[in-house]
Amino acid sequence: MRMLRNYRVWLAAAVVFAVLAAVSAVTVVRSFAGAERVVVAGRDLTPGSLVQASDLSAADVPRGALYPDAVRVPSEVAGMAVK
């Protein structure tokens, strides 16, 4: 019963939980805010045309905006046909 009335214990617990919440928030924001270099089309590509290395360029894109199948290496795309 005495522990429930001791404000120092509650203050220490509140500080610990606040620090935990802050660390969690920073971790989540950094995971989405970081940028990653991906391969993008450097010009408009017509359906049926083969992709050449000169058609591609690199761009920095925020991690939160990336699709799971984003291309990070140009050799993955070169020689493929455009849909």
Side-chain angles (χ1 to χ4, degrees):
M1 195 62 139
R2 184 177 162 151
M3 186 175 151
L4 293 176
R5 293 184 186 167
N6 191 350
Y7 72 93
R8 290 183 183 135
V9 173
W10 289 107
L11 181 62
V15 168
V16 167
F17 287 127
V19 169
L20 255 166
V23 168
S24 298
V26 168
T27 302
V28 169
V29 168
R30 282 189 180 171
S31 71
F32 284 103
E36 199 165 321
R37 188 162 287 272
V38 295
V39 176
V40 295
R43 64 175 184 87
D44 288 339
L45 301 173
T46 58
S49 63
L50 289 178
V51 178
Q52 304 294 326
S54 61
D55 298 333
L56 304 174
S57 63
D60 292 327
V61 178
R63 285 186 194 144
L66 286 177
Y67 290 105
D69 60 348
V71 178
R72 291 168 178 83
V73 182
S75 62
E76 292 179 15
V77 178
M80 293 182 144
V82 179
K83 288 184 179 179

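None of these values were measured; they are calculated from a predicted model.
The hydrophobic cluster around V29 extends to none of the other residues, as no ILVMFWY side-chain heavy atom falls under 4.5 Å of it.
Rounded to the nearest 0.5 Å, atoms CG (L56) and CD (E76) are 11.0 Å apart.
Residues V39 and L66 are members of separate hydrophobic clusters, defined by side-chain heavy-atom contacts under 4.5 angstrom among Ile, Leu, Val, Met, Phe, Trp and Tyr. The hydrophobic clustering, which links ILVMFWY residues whose side-chain heavy atoms are closer than 4.5 Å, places V40 and V82 apart. L50 and V77 fall into different hydrophobic clusters, where Ile, Leu, Val, Met, Phe, Trp and Tyr side chains are chained together by heavy-atom contacts under 4.5 Å.
Summarising the geometry of R72 relative to R37, their closest heavy-atom pair is CG-O, 4.0 Å, with the distance given to 0.1 Å. In this structure, S57 and G42 approach most closely via the heavy-atom pair OG-CA, 3.8 Å.
For residues 39-53, the pairs satisfying side-chain hydrogen bond (donor to acceptor under 3.5 Å, both in side chains) are R43-D55, with sequence neighbours left out.
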